[in-house]
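Index from 1, following the sequence.
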Amino acid sequence: MTELLPNFLIVGFAKCGTTSLANILSEHKDVFVSKEKELRYFSYEYLKNFGYNGPGDYRPKNRVIKTFEDYKKTFKYSKNFKCIGEATTDTSFYYEKTIPKIKQRLGDPKIIIMLRNPVERSISAYSHLVREEREQLSFEDALSKECQRLRNGYEFIWGYTQASYYFHPVKAFINNFSNVHVVFFEDFISNTEFEIQKIHSFLSLEDKARISQSHFNKSGKPKNKFLNRLLNRKLW
């Protein structure tokens, strides 16, 4: 019996619209996307003795899929679907560790990567942690502590600038997988239906794009006057 496992992955980047994309794709009759986002199975082996040391990092750690058996159980109801997928954004940040494991477990799945203006992505990540009351520093002070935090095992979301360095992860996915599709956040929010049509084509699906703005998430605003001016609009 063939195991039910993903044949496509949304691998990143964080705060680039991956949740919205996963939600929209899951509405297609031929697509199964895991109900839980951020399974983190492919990064866990690397992080289990090192990561999740930042304030509140226990929350994502408590939701991690730790074993391959549990990972397979996530997709046990996907039998009648053409496309099976999941969305985990730390897959791109820890790409050197996750790519070999993806190839070992899934072979050559289709890969979807979402990119965003790196400055805005960084600000949105900071805003996210402020809203969760995990970040207590100003944006400027947080940037000065970023490298130290990551060395001390804070999870990847604290890498405000380092998680916005796209070149090497994207190149690595393109070099290791046959089918990689890159989506730009700005295009995704300005012409969502067209971008979804392209993704449906990439996944060899009959296009059935029905887009609701309720799919989009707003980030909170940081407690910083300069950033508040920058963020005086919706951040998805």
Side-chain angles (χ1 to χ4, degrees), residues 2-28 30-47 51 60 63-79 81-116 121 155-157 163 165-185 188 195-205 215 217:
T2 303
E3 290 183 321
L4 298 172
L5 289 168
N7 51 26
F8 80 91
L9 298 174
I10 302 170
V11 301
F13 285 69
K15 312 311 294 181
C16 292
T18 56
T19 298
S20 299
L21 174 58
N23 290 341
I24 292 169
L25 290 179
S26 69
E27 292 187 349
H28 194 289
D30 293 324
V31 178
F32 178 94
V33 179
S34 62
K35 184 177 180 181
E36 297 297 325
K37 186 173 175 282
E38 307 292 356
L39 301 181
R40 301 171 187 253
Y41 166 68
F42 293 107
S43 62
Y44 177 69
E45 193 67 26
Y46 169 65
L47 294 174
R63 299 192 297 269
V64 166
I65 300 296
K66 299 178 175 63
T67 69
F68 189 48
E69 288 304 311
D70 285 340
Y71 188 73
K72 289 189 288 186
K73 290 176 183 176
T74 304
F75 306 98
K76 64 182 178 180
Y77 298 117
S78 63
K79 181 178 179 180
F81 293 86
K82 180 178 180 179
C83 294
I84 305 171
E86 57 113 331
T88 302
T89 53
D90 79 348
T91 306
S92 57
F93 189 77
Y94 301 110
Y95 69 96
E96 293 176 306
K97 304 296 182 181
T98 59
I99 286 177
K101 196 164 184 179
I102 292 170
K103 295 175 73 173
Q104 175 193 1
R105 294 300 195 187
L106 304 182
D108 190 21
K110 292 184 177 181
I111 301 294
I112 299 173
I113 303 173
M114 298 193 72
L115 306 181
R116 181 180 188 176
R121 195 223 66 83
E155 71 151 338
F156 80 109
I157 193 69
Y165 297 156
Y166 305 141
F167 177 78
H168 292 294
V170 172
K171 181 180 179 183
F173 278 102
I174 290 173
N175 289 343
N176 280 278
F177 297 96
S178 301
N179 296 286
V180 177
H181 181 74
V182 176
V183 184
F184 292 97
F185 170 84
F188 180 62
E195 293 302 317
I196 292 297
Q197 288 170 4
K198 290 196 293 184
I199 295 168
H200 284 170
S201 177
F202 173 70
L203 296 175
S204 300
L205 292 165
H215 286 303
N217 295 327

* Go through the steps to decide whether Leu106 and Tyr71 satisfy the test side-chain contact (heavy atoms from CB on, under 4.5 Å), and finish with yes or no. => CA-CA 11 Å; Leu106 304 182; Tyr71 188 73; 4.1 Å; yes
* Asked: Do other residues, nucleotides or ligands put more than 12 heavy atoms under 6.0 Å from the CZ atom of Phe68?
  -> yes
* Asked: Do the numbers put Lys101 on top of the ring of Tyr41, so that NZ or CZ is under 6.0 Å from the six-membered ring centre and no more than 45° off the axis?
  -> yes
* Asked: How far does CD of Glu195 sit from CZ of Phe184, to the nearest 0.5 angstrom?
  -> 9.5 Å
* To do: Hey, could you give me the CD1/NE2 distance between Ile24 and His200, rounded to the nearest 0.5 Å?
  => 8.5 Å
* To do: Look at the rings of Phe177 and Phe173 and say which category their plane angle falls in: under 30° parallel, 30 to 60° tilted, over 60° perpendicular.
  => parallel
* Asked: Considering only heavy atoms from C-beta outward, does the side chain of Ile199 approach that of His181 to under 4.5 Å?
  -> yes
* Any chance you could lay out the side-chain contact (heavy atoms from CB on, under 4.5 Å) test for Tyr166 and Arg121, step after step, and finish with the verdict? => CA-CA 11 Å; Tyr166 305 141; Arg121 195 223 66 83; 3.5 Å; yes
* Pairwise distance NZ(Lys79) to CG(Leu4) - rounded to 0.5 angstrom -> 8.0 Å
* **Nearest non-hydrogen partners of Gly17 and Phe188, listed with the distance** => O-CE2, 4.0 Å
* Considering all heavy atoms of both residues, which atom of Ala172 and which atom of Tyr95 are nearest to each other, and what is their separation? -> CB-CD1, 3.5 Å
* Lys37 and Thr18: side chain donor to acceptor below 3.5 Å -> yes
* To do: Determine the minimum heavy-atom distance between Pro6 and Glu86, stating which atoms define it.
  => CG-CG, 4.3 Å
* To do: Starting at CZ of Phe93, measure out to CD1 of Ile157 and round the result to the nearest 0.5 Å.
  => 10.0 Å
* **Value rounded to 0.5 Å, distance of CD1 in Ile196 from CZ in Phe202** => 13.0 Å
* To do: Might you point out which heavy atoms bring Ser92 and Gly12 nearest each other, and give the distance in Å?
  => OG-CA, 3.7 Å
* **Close side-chain approach of Val33 and Ile10, heavy atoms under 4.5 Å** => no
* Side chain to side chain, Asn176 and Ile102, heavy atoms closer than 4.5 Å -> no
* Do Thr91 and Leu9 have side chains that get closer than 4.5 Å, going by heavy atoms? -> no
* How long is the gap from CG on Asp30 to CG on Leu203, to the nearest 0.5 Å? -> 10.5 Å
* To do: State, with a plain yes or no, whether a side-chain heavy atom of Thr88 is found less than 4.5 Å away from one of Phe42.
  => no
* **Main-chain N/O of Phe81 paired to Ser78 side chain as donor or acceptor, under 3.5 Å** => no
* Using the ring of each side chain (for Trp, its six-membered ring), is Phe156 parallel, tilted or perpendicular to Tyr94, with breaks at 30° and 60°? -> perpendicular
* Any side-chain heavy atom of Ser204 within less than 4.5 Å of one from Lys110? -> yes
* To do: Would you name the heavy atoms of Val64 and Tyr44 that are closest together and state the gap between them?
  => CG1-CD1, 3.4 Å
* Would you mind reporting whether Lys82 and Leu205 have side-chain heavy atoms less than 4.5 Å apart? => yes
* May I have the step-by-step check of side-chain contact (heavy atoms from CB on, under 4.5 Å) for Lys103 and Ile99, ending in yes or no? => CA-CA 6 Å; Lys103 295 175 73 173; Ile99 286 177; 4.0 Å; yes
* Side chain to side chain, Arg63 and Glu38, heavy atoms closer than 4.5 Å -> no
* **Lys171 atom NZ: more than 12 heavy-atom contacts under 6.0 Å** => no
* What are the two closest non-hydrogen atoms of Leu39 and Phe75, and how far apart are they? -> CD1-CZ, 4.1 Å
